[in-house]
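Please read the structure below before turning to the comments.
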Amino acid sequence: MHPVRWGMLSAGKIALDHVVPATQLSSNGYVSAIASLTPGKAEHMAAPYPAITLYDSYEALLTDPDVDAIYIPLPNTLHVEWSKRCLAAGKPVLCEKPIAMHASEIDELIAARDAAGVLAAEAFMVMFHPQWQRAREIIEGGELGELAHVDGVFSYFNDDPGNIRNQLDVGGGALRDIGVYPIVTTRIVTGAEPVSVRGDITRDPRGGTDTLTRAWCDFDHFRLDFYVSTRMQERQEMVFHCRHGWIRVAAPFNAGKYGEAMLEICDARGNRRLERYPMVNQYTLQAEAFAESVRSGAAYACPLEFSRGNQAVVDALFVSAENGGGTTAVGGA
């Protein structure tokens, strides 16, 4: 089977910094085209790769017969629209998170995917990092006893009002940008779903985005507590605390960039060991997994149905915060 030829629908920063370089390193695909509406951005992104075709319209990329799959790094509020357009054009699409603003929009995408018979998915690259697969293996294996509690944090400092992460009208804010990660990684490791949540949100008085969100998510047998912020010094960590030990994921979300990907595991006697994962590029693994599904029809590990579960938690947290932090059922938002 020939390599999957990727098209980038815009020249967003995530594509420039991570997706394009990682895809070029993949074993079964490469970036063949980039479309950008901003003069010079696509040229800058493609500079190290002279064979890439450049377009000044998104529609031209969708009709390129030499593009097999499309990656969308557009602003959040455009994800659903352009994912649907890709499907209508018969192009498999991998879209940046959050793929939608509300869970009901993912229902629309599922219907569009099924009608087109074409793969569509949300780009949760953490799904493919072996540190998360290993964490799940340990929790499922029971060597540390029953999981009792999960806590997490993801923060960075960005107060630039011109940055899309600080613009409410394009879906900016901490919860949608980074709050999805403590939720999705907990769901990956445990295979469980939260039944109710409570949320507390601090908003930027200038633009209205949430700059600090604190969340309490109750699962059947444990609770996930986390906070995310766009106005705090950079920090990432996830801890899975069991009855007889714990697992700390030191660089859980930006593994390699933030710090070394590794698990610190403490057993019932207090003995600690490290399991390290150097030289792993989770974006490359994601590109390879999606391309394999495109080529062979194999099931993709992060289907839209899984993404809907994550978005339902986000929706419920917003509802809870708007109602003074009261308990809100997931799926009842």
When the side chains of residues 238-246 are checked against the rest of the protein, which donor-acceptor pairs come out under 3.5 Å, sequence neighbours left out?
none

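- Glu305 and Arg308 are not joined by a salt bridge, as no carboxylate oxygen comes within less than 4.0 angstrom of a charged side-chain nitrogen.
- More than 12 heavy atoms of other residues, nucleotides or ligands lie within 6.0 Å of CD in Glu59, so this atom counts as buried by the packing criterion.
- Not counting sequence neighbours, the partners of Ala69 by the side chain to side chain contact (heavy atoms under 4.5 Å, CB included) test are Val4, Trp6, Pro92, Phe290.
- The side chain to side chain donor-acceptor pair (under 3.5 Å) contacts involving residues 143-155 comprise Glu143-Arg273, where partners must be two or more places apart or lie in separate chains.
- Counting heavy atoms from C-beta on, the side chains of Met127 and Ile188 come closer than 4.5 Å.
- Under the ring pair (Phe, Tyr, Trp, His ring centres under 6.0 Å) criterion, the residue pairs touching residues 43-74 are Tyr58-Trp82, with sequence neighbours excluded.
- Think of Ile164 as one node in a network of Ile, Leu, Val, Met, Phe, Trp and Tyr side chains linked at under 4.5 Å; its network also takes in Val170.
- Partners of Arg231 under the side chain to side chain contact (heavy atoms under 4.5 Å, CB included) rule, at least two apart in sequence or in another chain, are Phe157, Asp159, Asn166, Asp204, Arg206, Thr211, Ser229.
- For Phe226, there are no ring pair (Phe, Tyr, Trp, His ring centres under 6.0 Å) partners, not counting sequence neighbours.
- Under a hydrophobic clustering in which Ile, Leu, Val, Met, Phe, Trp and Tyr are joined whenever their side-chain heavy atoms come within less than 4.5 Å, directly or via other members, Val314 and Trp216 fall into different clusters.
- When every heavy atom of Pro252 is checked against every heavy atom of Val249, the shortest pair comes out as CD-O, 3.5 Å.
- A donor-acceptor pair under 3.5 Å is absent between the side-chain atoms of Lys91 and the main chain of Asp68, judged by distance alone.
- A donor-acceptor contact shorter than 3.5 Å is absent between the side chain of Glu264 and the backbone of Ala250.
- Here the straight-line distance linking atom OG1 of Thr209 with atom CZ of Arg165 works out to 12.0 Å at 0.5 Å rounding.
- Of all the heavy atoms in Ala116 and Leu87, the pair that sits closest is CB-O, 3.6 Å.
- Sorted by first and then second residue, the ring pair (Phe, Tyr, Trp, His ring centres under 6.0 Å) pairs with a member in residues 10-38 read His18-Tyr283; sequence neighbours excluded.
- Cluster partners of Leu212 are Val153, Tyr227, Met232, counting Ile, Leu, Val, Met, Phe, Trp and Tyr whose side-chain heavy atoms approach within less than 4.5 Å, directly or via other members.
- Annotation for Leu61 and Ala33: closest pair CD1-CB, 3.4 Å, computed over non-hydrogen atoms.
- Not counting sequence neighbours, the partners of Ala192 by the side chain to side chain contact (heavy atoms under 4.5 Å, CB included) test are Thr190, Phe219, Phe222.
- For Ser196, the side chain to side chain contact (heavy atoms under 4.5 Å, CB included) test picks out Asp218, Thr327, with sequence neighbours left out.
- Through direct or indirect side-chain contacts shorter than 4.5 Å among Ile, Leu, Val, Met, Phe, Trp and Tyr, Leu109 is connected to Val80, Ile99, Ile106, Ile110, Leu304.
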